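Just the heavy atoms: all of them, side chains too, but no hydrogens, waters or symmetry mates, feed the values below. Note that the structure is predicted; figures quoted are calculated from it, not measured.
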Amino acid sequence: MNAKFPTSKQRDFVQEVNDFCQKNYGFPVHMAFSSKPYFQKTIYMVMACPQYSIWTFTKTLINQLYVYVGTSQKKADRIADNYKKNGYDVYLNSYLRFWNAVPEVSMVITPKFFITPDLYNPKNKADKLKMLELLIHESFHQYVHQYDIGLKIYGKYITIDQMIAEEVIAHILGKLGAVEYLIEKDPSNSKLKLARKDLKNLFGYWFMEDRYQTLKKTYQDKSLTLLDKEAEKQIVLKNYHLSDDKTNSPNNAVFIRSYIYYGNPYMKKYYPKLVKSNKSKTKTKSIVQQFIQNYWSKFLDK
């Protein structure tokens, strides 16, 4: 891309989302544009979980679950193999990062964001609804971590439980924000019906909590042999994943990856508060601000 990126239309769209988030949810969005190849690298991620136990979310730090996130495929493969040899279930995935949301750079949007905004379906053409969801979702993360001093330090302080709570709020906020943004701009927008359906479907994913509890009980049952536990595990993990993942076979690490976004109890805790209220924006703003204050108090207490 050349100096024509971003166009005035692209910049205006992002600025509108920025103003909307500031006004309705209480957090400004400091975004920047870039056409540098650096911001379009493939990122490899390795997650690890014991074969016959589930991490204790309230105690386990996130860098014990996310054992590698980086740009080296060789390193990712090596780390994944080492964990497998030591009796861990592993989730290995790669994805194209269209922006870099590290604290030092703020949120950087690249040309590809306007071409394929859906990170999990990169062949899709640009969709304004998905762009809205992603911008608001990632902007919330960015604001929460605006003063962090790097992900390695962050991983030493934050538990999986705290990370999940943040992800759920961001997930709901992105979809709810898209609905409220469309209503504010144009109540007759053709995308509004789809946005509302997308938001309603989100709560339906909570069924995975039952599977999590079943797995936990199975692993803790001392009367079962490892073969028995493996058999029960495979039954529970059947149809475990919400996306078309042909790389990883069903296992604890893959399940936890999905559970973080779609199945945890925080979904039940926050969803009704944010959506089933006649004062949705006020309620949302309060929850967002409470979470941010709570996050930083815990971070600084360490």
Side-chain angles (χ1 to χ4, degrees), residues 1 34-51 55 60-105 107-127 130-131 133-135 137-138 141-142 145 148 150-152 154-155 158 160 163-164 166-167 170-171 174 205 208 237 239-263:
M1 295 295 291
S34 175
S35 58
K36 295 180 180 179
Y38 171 79
F39 296 108
Q40 296 172 25
K41 285 186 176 181
T42 298
I43 304 296
Y44 298 90
M45 178 174 66
V46 182
M47 297 174 65
C49 187
Q51 285 183 318
W55 289 125
T60 305
L61 297 174
I62 66 168
N63 59 0
Q64 293 173 266
L65 173 65
Y66 289 89
V67 293
Y68 178 73
V69 178
T71 58
S72 172
Q73 183 176 6
K74 289 184 178 180
K75 188 172 182 179
D77 290 339
R78 184 174 69 253
I79 291 174
D81 288 341
N82 286 338
Y83 270 88
K84 288 178 182 178
K85 291 177 182 177
N86 284 283
Y88 284 80
D89 281 348
V90 170
Y91 172 79
L92 173 62
N93 195 26
S94 64
Y95 57 96
L96 186 63
R97 190 169 223 174
F98 298 145
W99 58 69
N100 185 36
V102 298
E104 295 83 357
V105 187
M107 183 171 177
V108 178
I109 301 170
T110 69
K112 283 206 170 187
F113 173 77
F114 291 98
I115 302 172
T116 55
D118 188 344
L119 297 180
Y120 301 100
N121 296 286
K123 293 183 180 180
N124 287 357
K125 293 183 179 179
D127 182 278
K130 182 59 64 176
M131 292 166 75
E133 291 180 2
L134 287 173
L135 281 171
H137 178 125
E138 295 301 332
H141 286 312
Q142 181 56 41
H145 300 292
D148 285 3
L151 292 177
K152 290 183 179 180
Y154 162 76
I158 305 302
I160 300 174
M163 183 271 291
I164 288 177
E166 178 187 333
E167 197 61 61
H171 210 49
Y205 291 137
M208 294 183 71
L237 292 180
N239 300 322
Y240 66 100
H241 211 280
L242 298 170
S243 63
D244 185 17
D245 184 354
K246 297 179 180 179
T247 303
N248 299 277
S249 59
N251 65 47
N252 286 341
V254 180
F255 177 78
I256 291 300
R257 168 66 175 171
S258 294
Y259 178 85
I260 287 172
Y261 290 94
Y262 298 108

Taking every non-hydrogen atom, the tightest pair across [X] and [Y]:
X      : Y      : answer
Asn82  : Asn86  : O-ND2, 2.7 Å
Ala76  : Val46  : O-CG2, 3.5 Å
Pro111 : Ser34  : CD-O, 3.2 Å
Thr71  : Tyr68  : N-OH, 3.4 Å
Cys49  : Asn252 : SG-CB, 3.8 Å

Can you find a pair of side-chain heavy atoms, one from [X] and one from [Y], that are under 4.5 Å apart?
X      : Y      : answer
Asn251 : Val90  : no
Gln64  : Ile160 : no
Ile109 : Phe114 : yes

Inset, instruction - Report yes or no: does Trp55 contribute a side-chain atom to a donor-acceptor pair with the main-chain N or O of Ile62 at less than 3.5 Å? - result: no
Legend entry - Whether Asp89 side chain and Ala253 backbone form a donor-acceptor pair below 3.5 Å: no
Legend entry - Tyr83: ring-ring contact (aromatic ring centres under 6.0 Å, His included) partners, not counting sequence neighbours: Tyr88
How long is the straight-line distance from [atom2] of [Y] back to [atom1] of [X], given to the nearest 0.5 Å?
X      : Y      : atom1 : atom2 : result
Ile260 : Tyr66  : CD1   : OH    : 4.0 Å
Asn63  : Met163 : CG    : CE    : 11.0 Å
Ile158 : Glu166 : CD1   : CD    : 8.0 Å

Legend entry - Partners passing side chain to side chain donor-acceptor pair (under 3.5 Å) against Glu167 (at least two apart in sequence or in another chain): His137, His141
Legend entry - Asp77: side chain to side chain contact (heavy atoms under 4.5 Å, CB included) partners, not counting sequence neighbours: Gln73, Leu92
